[in-house]
Amino acid sequence: MSEHTASSPTNDEVDSSPDFLSCPPIFVLPTHLSLESLHEIEEDLVKRNARLTYDISEARLILGKIGQEKRAALELRSRGVWTEPISKYEPPTKRRRVEAQEPVKSARQDDIIDLSTETEDEEDGMRSRHGPSRHLNRPKPPSASASTPHPSIASSDQSDVISVVKLDWLNQCLQAQELLSIEPYLVYLARQIPSPAKPQPNQPTKTTTKSADILQRAKQDAVLQPPPPPPTHNHHSRTHTTHQPPPLPQTTTSEHDEVVSPHSPPPWVKNNIIYACLRSTPLHPPNEDFINQLLKIRHIRELTLDEIGVRAYSTSIAAIAAYPHEIRRSSEILSLPGCDTKIANLFHEYQHSANHTLATANELDISPSLQTLHTFTNIWGVGTKTARDFHYNHNWTTLDDIIEHGWPTLSRVQQIGLKYYDEFLQGIPRPETSHIAAIVTKHANRVRPDAGTPIQCAIVGGYRRGKPLCGDVDLILTHRDEHITKNLVVDVVASLESEGWITHTLVLHLMHSQRDQQTLPYRASDDSTAPGKNFDTLDKALVVWQDPHFDDSDHHHHHSHADTDSEEEKTRQKRKRNPNIHHRVDIIVSPWRTVGCAVLGWTGDKTFERDLRRYVKKTHGWKFDSSGVRERTTGGQVVDLEAGGETWEERERLVMQGLGLGWRDPEERCTR
DNA sequence: GGGCTGTACTG
DNA sequence: CAGTAC
DNA sequence: GCCC
């Protein structure tokens with residue numbers, strides 16, 4: 001039917017040929033496609049009766065902007081579809097029966113392992129030798145056998161044979177206005193196999209989105225949506241200052257697409273507030289599931305040394321985390337500062353994927369090398385560089401490998417980090433955190449008996465943001481008298497060490513801003529508390545904490561000599577291992593003068609802190625850090641914003657107001 | 001096309 | 001200086 | 001990857 005219409009290229013029929021109805025269910029890989037082109041392609045297909053599906057597991061024909069067999073296998077696998085390559089010329093029906101009956105068998109097992117090994121290769125892009133199978137003949141030019149569709153396109157519908165085909169096939173079909181053989185465009189011909197390890201969350205196959213269905217949605221959306229842009233100019237114009245509706249041609253909505261009115265954008269969206277420190281960001285935002293996917297991608301960026309990627313994802317994540325509605329359309333994403341088509345695309349994928357995951361994010365769980373790197377960077381003192389060195393230069397893949405082959409080469413803190421690997425990864429419950437804070441405070445006051453008023457302790461970090469479990473304990477000790485806080489860290493640590501609370505000191509920071517204050521002229525200060533004191537010492541100790549008390553009850557040990565008992569008791573307790581868990585504790589000491597800055601700087605979440613510094617730089621030309629605010633010019637004059645604050649909470653508030661942030665509760669700084 | 005937080009310790 | 005941590 |  002396609003041929004006869006070819007003569008009149010301007011009428012409507014041309015537009016809807018060829019007809020893809022005879023093709024098996026089609027899935028379009030979003031990889032390397034903008035949201036716009038993806039939608040365009042999907043629309044093209046739907047218009048021509050294609051059986052488009054958003055559930056890749058039911059697709060038999062997969063179109064994608066990819067050219068390599070290996071890549072194709074990876075794309076499928078990261079979407080939960082495990083495959084093995086088959087020869088193009090092997091009759092696909094034969095093996096299927098065998099497959100269905102045999103569970104997971106010997107020869108196949110090998111294939112699976114091979115496949116997972118490959119992911120590794122894919123990651124670093126370094127070793128790229130063996131593909132899933134040998135390449136067969138390279139595609140011949142489309143003209144050769146083009147006129148009749150490959151029989152397998154139509155018939156393989158039911159089977160477990162999957163064809164991954166270059167997107168170009170579609171373009172050529174549209175141009176020729178007839179179905180062309182997929183064979184010259186075939187990237188990967190595969191058979192679906194059961195996934196090896198994890199039980200694939202077998203989706204109830206719900207989403208065979210019929211063409212009519214989609215068309216309806218598209219129309220519905222077209223009505224709902226503000227006027228779509230003329231199809232000619234495809235670059236989206238983000239005029240943020242005048243908050244125009246997102247100009248994305250929207251073709252699909254969520255599963256239950258009742259007629260929904262668009263969310264009214266929160267003020268920070270309307271005003272295009274790009275700094276996370278100016279927004280309220282709760283610990284559990286409405287789009288947390290999607291954010292968790294993005295966090296995984298960000299983590300992959302970390303592990304692969306893509307710092308800028310990390311930055312970009314952090315920005316996007318922070319914006320989405322601040323968004324107070326459950327997102328229904330990818331166009332909503334486009335309206336958020338720090339989010340553009342990349343993230344909107346990912347949301348589209350997230351929304352339409354059967355399991356609500358992202359292929360890229362899944363690689364973190366699938367890829368052996370990423371998992372190894374992940375394991376290694378979780379060692380305190382081992383960052384991304386060292387982790388990669390361990391893995392790629394030493395070929396270590398487990399912690400035991402490091403211990404066995406590299407122990408003497410490790411730095412002291414890395415050895416400690418390795419020794420308490422599991423314990424440091426345990427979250428610390430809030431009651432335990434406050435208990436630790438109380439003990440530290442007690443010791444602080446014990447080593448400053450003449451302080452007059454007690455030394456105060458602020459629990460900051462994740463605890464202050466409201467997390468039920470914290471990765472470490474962050475404490476700020478302060479006192480109005482600068483003589484009291486001077487050298488306080490050292491004395492507190494020593495005291496805690498002597499009582500057994502601190503087992504190791506990972507690092508001591510004794511940050512003397514002596515030189516800063518030396519070089520700069522004294523500010524005619526209204527309240528210079530201690531004119532003689534030239535340094536503000538914001539000192540900190542990063543330590544390993546363990547409760548020294550434990551139950552060593554050994555009930556059948558009965559002493560015959562009462563007088564030696566206590567002595568015996570002690571030595572025996574020393575010999576017996578303390579089973580209490582080790583924790584990471586940061587003890588920071590701040591002079592009163594800048595305690596507001598310290599508290600603000602340490603309550604954080606990383607993106608909040610970064611954006612805070614960027615904002616302060618941009619708007620005031622100041623330099624913020626947890627030991628104060630300075631001018632960037634003129635040798636760094638101190639800017640005192642917290643003078644007169646009577647409590648550390650009040651001083652933090654003064655700093656925030658002075659910086660132009662207004663007030664934001666700590667629980668609203670969870671930018672991730 | 002340039003910028004992306006800012007700082008100190010360790011080895 | 002590179003690497004790490006906060 | 002996104003903003004200015």
Side-chain angles (χ1 to χ4, degrees), chain A residues 34 236 238-241 272-277 294 297-298 301-302 305-319 333-334 336-346 360 376-390 409-417 424 460-462 471-476 489 505-516 536-543 584-588 590 597-598 600-618 622-630 632 636 671:
Chain A
S34 71
H236 59 286
R238 302 185 42 152
T239 44
H240 279 301
T241 42
N272 195 32
I273 301 299
I274 64 170
Y275 296 103
C277 56
L294 296 181
I297 299 182
R298 181 177 75 179
R301 296 292 193 271
E302 282 166 2
L305 309 184
D306 177 9
E307 292 174 32
I308 298 308
V310 173
R311 214 311 166 192
Y313 273 93
S314 298
T315 309
S316 312
I317 288 165
I333 299 261
L334 282 186
L336 306 185
C339 298
D340 209 304
T341 54
K342 179 74 181 188
I343 306 299
N345 252 327
L346 289 173
T360 315
F376 288 177
T377 48
N378 271 339
I379 303 170
W380 202 93
V382 173
T384 50
K385 304 284 177 62
T386 308
R388 294 179 71 88
D389 178 49
F390 287 171
T409 73
L410 299 181
S411 71
R412 187 184 73 95
V413 296
Q414 288 169 340
Q415 290 179 343
I416 295 169
F424 287 173
V460 288
D472 62 6
V473 178
D474 299 304
L475 305 174
I476 295 180
V489 222
T505 299
L506 293 167
V507 56
L508 269 179
H509 279 65
L510 302 174
M511 167 182 149
H512 306 262
S513 22
Q514 190 171 2
R515 48 191 155 71
D516 292 343
D536 61 0
T537 56
L538 207 176
D539 302 343
K540 68 180 169 184
L542 314 184
V543 304
R584 281 271 307 103
V585 175
D586 297 344
I587 301 172
I588 301 117
S590 172
C597 290
L600 178 58
W602 278 83
T603 299
D605 232 1
K606 202 153 141 189
T607 307
F608 184 93
E609 295 297 333
R610 283 180 157 185
D611 284 2
L612 171 58
R613 284 158 172 75
R614 274 198 317 132
Y615 172 76
V616 168
K617 170 150 89 171
K618 192 69 175 295
W622 296 339
K623 194 158 50 179
F624 174 87
D625 83 281
S626 55
S627 67
V629 179
R630 328 246 147 141
R632 281 178 183 272
T671 56

- request: Just call it for L508(A): base, sugar-phosphate, or nothing, with non-hydrogen atoms closer than 4.0 Å on any strand.
  value: sugar-phosphate

message: Under 4.0 Å, counting only non-hydrogen atoms across every strand here, what does I297(A) touch: a base, just sugar-phosphate, or nothing?
response: nothing

- request: Could you work out which one of dT5(B), dG11(B), dC4(B) sits closest to the side chain of R412(A)?
  value: dG11(B)

query: Is V382(A) touching bases, backbone alone, or none of the nucleic acid, heavy atoms closer than 4.0 Å?
result: sugar-phosphate

message: If the cut-off is 4.0 Å, is K623(A) near the phosphate of dG6(B), judged by side-chain N/O to OP1 or OP2?
response: no

- prompt: Hey, is the side chain of K617(A) poking within less than 4.0 Å of OP1 or OP2 on dC4(B), counting only N and O atoms?
  reply: yes

task: Have a look at I274(A) and say if it touches a base, only the backbone sugar-phosphate, or nothing, with a 4.0 Å heavy-atom cut-off.
output: sugar-phosphate

field: Residue R614(A), side-chain atoms from C-beta onward, closest of dT5(B), dG1(D), dT7(B)
entry: dT5(B)

Whole-Å P distance, dT5(B) and dC4(D): 15 Å

If you look only at distance, which donor and acceptor atoms sit under 3.5 Å apart when one is on a side chain in residues 377-387 of chain A and the other is two or more places apart or in another chain?
residue: T377(A); atom: OG1; partner: L373(A); partner atom: O; Å: 3.0
residue: T377(A); atom: OG1; partner: H374(A); partner atom: O; Å: 3.1

task: Scan R584(A) against the nucleic acid and name what it touches under 4.0 Å (heavy atoms): base, sugar-phosphate only, or nothing.
output: sugar-phosphate

- prompt: Reckon T386(A) touches a base, only the sugar-phosphate, or nothing at all at heavy-atom distances under 4.0 Å?
  reply: sugar-phosphate

task: Under 4.0 Å between any heavy atoms, over every strand shown, what does L506(A) touch: base, sugar-phosphate, or nothing? Just pick one.
output: nothing

message: With a cut-off of less than 4.0 Å, is there a side-chain N or O of R613(A) near OP1 or OP2 of dT7(B)?
response: no

- request: Mind calculating the distance between OH (Y275(A)) and P (dG3(B)) to the nearest angstrom?
  value: 15 Å

message: Is any side-chain heavy atom of L600(A) closer than 4.5 Å to one of L612(A)?
response: yes

- line: note: E302(A), atom CD; dG1(D), atom P; distance rounded to Å ~ 15 Å

message: Keeping D625(A) on the side-chain end and S627(A) on the backbone end, is there a donor-acceptor pair under 3.5 Å?
response: yes

message: Can you give me the closest heavy-atom contact between I476(A) and S590(A), atom names plus distance?
response: CG2-CB, 4.0 Å

- request: For the pair E609(A) and R613(A), find out whether any cationic side-chain nitrogen is under 4.0 Å from an anionic carboxylate oxygen.
  value: yes

query: What stems, by residue range, does DNA chain C take part in, given at least 3 consecutive Watson-Crick or G-U pairs under 3.5 Å?
result: B:6-11 with C:1-6

N/O donor-acceptor pair under 3.5 Å between S316(A) side chain and G338(A) backbone: yes

message: Any heavy-atom pair between the side chains of F376(A) and D389(A) that's under 4.5 Å?
response: no

- prompt: Mind checking whether L506(A) and R584(A) have side chains closer than 4.5 Å, heavy atoms only?
  reply: yes

message: For a quick test of reading the model: is some side-chain N or O of R311(A) closer than 4.0 Å to OP1 or OP2 of dT5(B)?
response: yes

query: Reading DNA chain C 5' to 3', which nucleotide is the first, and which the last, to come under 4.0 Å of any heavy atom in chain A?
result: dG3(C) to dC6(C)

query: Under 4.0 angstrom, heavy atoms only, what part of the nucleic acid is G309(A) near: base, sugar-phosphate, or nothing?
result: nothing

